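Treat the numbers as computed from the prediction; the structure is a model and nothing was measured. Computed over heavy atoms, backbone and side chain alike; hydrogens, waters and symmetry mates excluded.
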Amino acid sequence: MKIAVVGTGYVGLVTGTCFAETGNQVTCVDIDVRKVERLQKGEIPIYEPGLDVLFDRNVAEGRLVFTTNLAEGIKDAQVIFLALPTPPGEDGSADLKYILKVADDLGPILDQYAVIIDKSTVPVGTAEKVRAAIAKNAKVDFDVVSNPEFLREGVAVEDFMKPDRVVVGTTSEKAKRVMEKLYAPLVRQGNPVIFMDERSAEMTKYAANSFLAMKITFMNEIANLCEKVGANVDDIRRGIGTDSRIGKRFLFAGIGYGGSCFPKDVQALAKTSLDYDYDFRILKSVMDVNYDQKKKLLPMVDNFFADGLKGKTIAVWGLAFKPYTDDIREAPALENIEALLAAGAKVTAYDPEAMNNVKGVLGDQVTFCHTPYAALDDADALMIFTEWPQFRTPEFEKMGKLLKNKVIFDGRNLYELDQMREMGYTYYSIGREKVVPA
Ligand SMILES: NC(=O)c1ccc[n+]([C@@H]2O[C@H](COP(=O)([O-])OP(=O)(O)OC[C@H]3O[C@@H](n4cnc5c(N)ncnc54)[C@H](O)[C@@H]3O)[C@@H](O)[C@H]2O)c1
Ligand SMILES: O=c1ccn([C@@H]2O[C@H](COP(=O)(O)OP(=O)(O)O[C@H]3O[C@H](CO)[C@@H](O)[C@H](O)[C@H]3O)[C@@H](O)[C@H]2O)c(=O)[nH]1
């Protein structure tokens, strides 16, 4: 099939590359000239494990090309994916300006029947708006389909190639046949393509993300209560996760959820509810709790120092919102670093992939280090925000010699409490007893 992907970010590039891998001819379109130039030179602008191998192969074999020209990109395409940003507008609703701009542009240049597939996360009713915007100037027949994407950053290629399910919202039989053909190579193991109408598909995406954000938030509240009653949230996770009705995944308490999706999608669903005069109370609690959770460690750090944070150096391990990505959108580390700086502390930081992106935001306000240990040198305390695997089994003795105080504030519960006790650390984590040296 000849496919165009409009918007070549995390979702668009993964979508384009994976569909090229299943034998399609793919053209990715983006308005960011520098990004397209890099892609044309064979450089991948994001860090996403496993993407490089597929990207290199499909570029080399001529199935994956890049352009800034929309008309050139969609020429002869049977399907056109929209993988464009839908950031929160001022009132929390998803801003559709990128999607509707491309829909406006597509109308006059469509030259044959095409299925226009909305892969972006968009509020209920968007497919109708996209259809209307294209129809204003279209001379040919077309369908607009909602096909939300469920990939997770860091494991995006695997999620895309082996999706738990594919959700397709369309009432057109013709579009349905195209979608079945397109996804057939990805659902050979019986994982379903679930067809429904456009509005239900749009709602499914928000329901999935909001449910997962709620699940994490529930565990964060259990963690907060565990600290008060003297219980251990990790034991509780094991205790409830083995119940198949609850499930083991997405039960890890921590420093709050971040990333480019959960925060904005929960907010957008709440806004949709208000628009339809429905008070979605759980969503409000999820947002409130997460807001506090992200700042949870700050008072503990502040109280640890009798004379406050001013003049202290805090080492930070982990800047990305989760491991295996360089994405720092809504990353808890950023908010915490900004608060530390505002309180007069200095920050030394290490992250294997995300330091350049943070440099772009905070510049030289933070000292970026080439190794985790370099960040500890002469620091007064360590804070951990991302569970990169290299932080899991560090050399605690070496760390203790570098740090001025053997104290760790861990937002990801990386270490066993007994281990911290044995190593003589003061250790604060989430939903577990505070460890103080004997
Ligand atoms: N990032 C994820 O993990 C993820 C997963 C599932 C769904 N989504 C949803 O997918 C959508 C895209 O997210 P993303 O993270 O890939 O965004 P992104 O910001 O990484 O990429 C969007 C791209 O669109 C380009 N763009 C903007 N206007 C354009 C135009 N007129 N023509 C061509 N290109 C244009 C931008 O330059 C950018 O490269 C969002 O709705 C998001 O909620 C994201
Ligand atoms: O048990 C858990 C699991 C996750 N998180 C946090 O939740 C956030 C989101 O993590 P994750 O869902 O793994 O990453 P995303 O790439 O943001 O993926 C989510 O958002 C995407 C964009 O909509 C969807 O496609 C995915 O299905 C959905 O999982 C991160 O801050 C994680 O640290 C926890 O705190 N505890």
Under the 3.5 angstrom rule, does the side chain of Lys322 hit a backbone N or O of Glu153 as a donor-acceptor pair?
-> yes
With distance as the sole test, does Asp164 use its side chain to make a donor-acceptor pair with the main-chain N or O of Asn191 at under 3.5 Å?
-> no
Could you tell me whether Lys215 sits above the aromatic face of Phe250, with NZ or CZ closer than 6.0 angstrom to the six-membered ring centre and within 45 degrees of the axis?
-> no
Could you please spell out the steps behind the side chain to side chain contact (heavy atoms under 4.5 Å, CB included) verdict for Val407 and Tyr428?
-> CA-CA 8 Å; Val407 59; Tyr428 296 78; 4.1 Å; yes
Glu149 side-chain N/O to Leu151 backbone N/O, donor-acceptor pair under 3.5 Å = yes
Side-chain contact test, heavy atoms from C-beta onward, threshold under 4.5 Å: evaluate it for Gln365 versus Ile337 and give yes or no.
-> no
Salt bridge (Lys or Arg N to Asp or Glu O under 4.0 Å) evaluation trace for Asp104 with Lys101 = CA-CA 5 Å; Asp104 278 341; Lys101 164 81 174 68; over 6 Å; no
Does some side-chain heavy atom of Thr17 sit less than 4.5 Å from a side-chain heavy atom of Val59?
-> no
Considering the options Lys406, Arg421, Arg432, which one meets the side chain to side chain donor-acceptor pair (under 3.5 Å) requirement together with Tyr427?
-> Arg432
Does the side chain to side chain contact (heavy atoms under 4.5 Å, CB included) test come out yes or no for Val286 and Tyr257, once each step is laid out?
-> CA-CA 10 Å; Val286 169; Tyr257 61 76; 3.4 Å; yes
For the atom pair NZ (Lys284) and CG (Asp288), what is the distance rounded to the nearest 0.5 Å?
-> 9.0 Å
Under the 3.5 angstrom rule, does the side chain of Thr8 hit a backbone N or O of Val29 as a donor-acceptor pair?
-> yes
Student check: side-chain heavy atoms of Glu416 and Glu422 closer than 4.5 Å = no
So does Lys401 pair up with Glu395, basic N to acidic O under 4.0 Å?
-> no
Neighbour count above 12 (heavy atom, 6.0 Å) for Lys248 NZ = no
Does atom CZ of Phe195 have more than 12 heavy-atom neighbours, drawn from other residues, nucleotides or ligands, at distances under 6.0 Å?
-> yes
Run the salt-bridge test on Asp234 and Arg237 with the 4.0 Å N-O cut-off and return the result as yes or no.
-> yes
Can you find a heavy atom in the side chain of Thr272 that is under 4.5 Å from one in the side chain of Tyr278?
-> no
Heavy atoms from other residues, nucleotides or ligands near CZ of Phe252 exceed 12 (cutoff 6.0 Å) | no
Where the side chain of Ser93 meets the backbone of Gly89, is there a donor-acceptor pair that is under 3.5 Å apart?
-> no
Less than 4.5 Å apart, any side-chain heavy atom of Ser260 and any of Phe262?
-> no
What do the steps show when you test Asp351 against Asn357 for side chain to side chain contact (heavy atoms under 4.5 Å, CB included), and what is the final call?
-> CA-CA 10 Å; Asp351 186 286; Asn357 285 342; over 6 Å; no
Minimum heavy-atom distance Ala201-Ser146, with the two atoms named | CB-OG, 3.4 Å
Taking Glu48 for the side chain and Ala156 for the main chain, is one N or O donor matched with an acceptor at less than 3.5 Å?
-> yes
More than 12 non-hydrogen atoms from neighbouring residues, nucleotides or ligands closer than 6.0 Å to NZ on Lys346, yes or no?
-> no
Are there more than 12 heavy atoms of other residues, nucleotides or ligands under 6.0 Å from atom NZ of Lys404?
-> yes
Where is the tightest heavy-atom contact between Val167 and Met196, given as atom of each residue plus distance?
-> CG1-CE, 3.7 Å
Neighbour count >12 (heavy atoms, 6.0 Å) for atom CD, Gln40 | yes
Qualifying residues under ring-ring contact (aromatic ring centres under 6.0 Å, His included), relative to Phe160, sequence neighbours excluded = Phe19
Is a salt bridge present between Glu21 and Arg57, judged by a nitrogen-to-oxygen distance below 4.0 Å?
-> yes
Say you draw a straight line from CD1 of Ile430 to SG of Cys226; how long is it, rounded to the nearest 0.5 Å?
-> 11.5 Å
Just wondering, do Leu13 and Leu51 contact through their side chains at under 4.5 Å, heavy atoms?
-> yes
Report yes or no: does Thr86 contribute a side-chain atom to a donor-acceptor pair with the main-chain N or O of Thr121 at less than 3.5 Å?
-> yes
Flag, side chain of Glu198 to backbone of Glu128, donor-acceptor distance under 3.5 Å = no
Per the side-chain contact (heavy atoms from CB on, under 4.5 Å) rule, which among Asp327, Thr386, Ile46, Asp326 passes with Glu353?
-> Asp326
Rounded to the nearest 0.5 Å, what's the gap from CD1 on Ile31 to CG on Asn69? Could you check?
-> 13.0 Å
Any cation-pi pair here, Lys295 with Tyr291, using under 6.0 Å and within 45°?
-> yes
Residues Asp265, Lys205: salt bridge by 4.0 Å N-O rule = no
What distance do Leu186 atom CG and Gln189 atom CD have between them, rounded to the nearest 0.5 Å?
-> 10.5 Å
Rounded distance (nearest 0.5 Å) linking atom CE of Met355 with atom CG of Leu319 | 7.5 Å
Would you say Asp380 and Phe304 make side-chain contact, with heavy atoms under 4.5 Å?
-> no
Before giving the answer on side chain to side chain contact (heavy atoms under 4.5 Å, CB included), spell out for Leu297 and Met300 the whole-Å C-alpha distance, their side-chain angles and the decisive distance to 0.1 Å.
-> CA-CA 5 Å; Leu297 291 175; Met300 299 181 197; 3.9 Å; yes
Would you say Thr348's side chain and Ala375's backbone share a donor-acceptor pair under 3.5 angstrom?
-> yes
Qualifying residue, where the test is side-chain contact (heavy atoms from CB on, under 4.5 Å) with Ile117 and the options are Ile3, Asn147, Thr170, Val168 = Asn147
With the threshold set at 4.0 Å, does a side-chain nitrogen-carboxylate oxygen contact exist between Arg199 and Asp197?
-> no
So, do Phe55 and Phe66 have ring centers that fall under 6.0 Å from each other?
-> yes
Sidechain N-carboxylate O distance under 4.0 Å for Asp292, Lys296 = no
Does Asp243 CG have over 12 foreign heavy atoms under 6.0 Å away?
-> yes
Salt bridge or not for Arg392 and Glu387, using N-O below 4.0 Å?
-> no
Using a strict 4.0 Å threshold on nitrogen-to-oxygen distance, state whether Glu330 and Lys264 make a salt bridge.
-> no
Does any non-hydrogen side-chain atom of Phe150 lie less than 4.5 Å from one of Pro163?
-> no
Flag the pair Asp307 and Lys312 as a salt bridge only when some basic side-chain nitrogen lies within less than 4.0 angstrom of an acidic carboxylate oxygen.
-> yes
Hey, is OH on Tyr324 packed in by over 12 heavy atoms from elsewhere, all under 6.0 Å?
-> no
If only atom types and distance count, is the side chain of Gln293 paired as donor or acceptor with the main-chain N or O of Ile255 below 3.5 Å?
-> no
Reference residue Tyr415; test ring pair (Phe, Tyr, Trp, His ring centres under 6.0 Å); the match among Phe396, Trp317, Tyr425 = Phe396
State the CD1-CG distance between Ile328 and Leu334, to the nearest 0.5 angstrom.
-> 4.5 Å
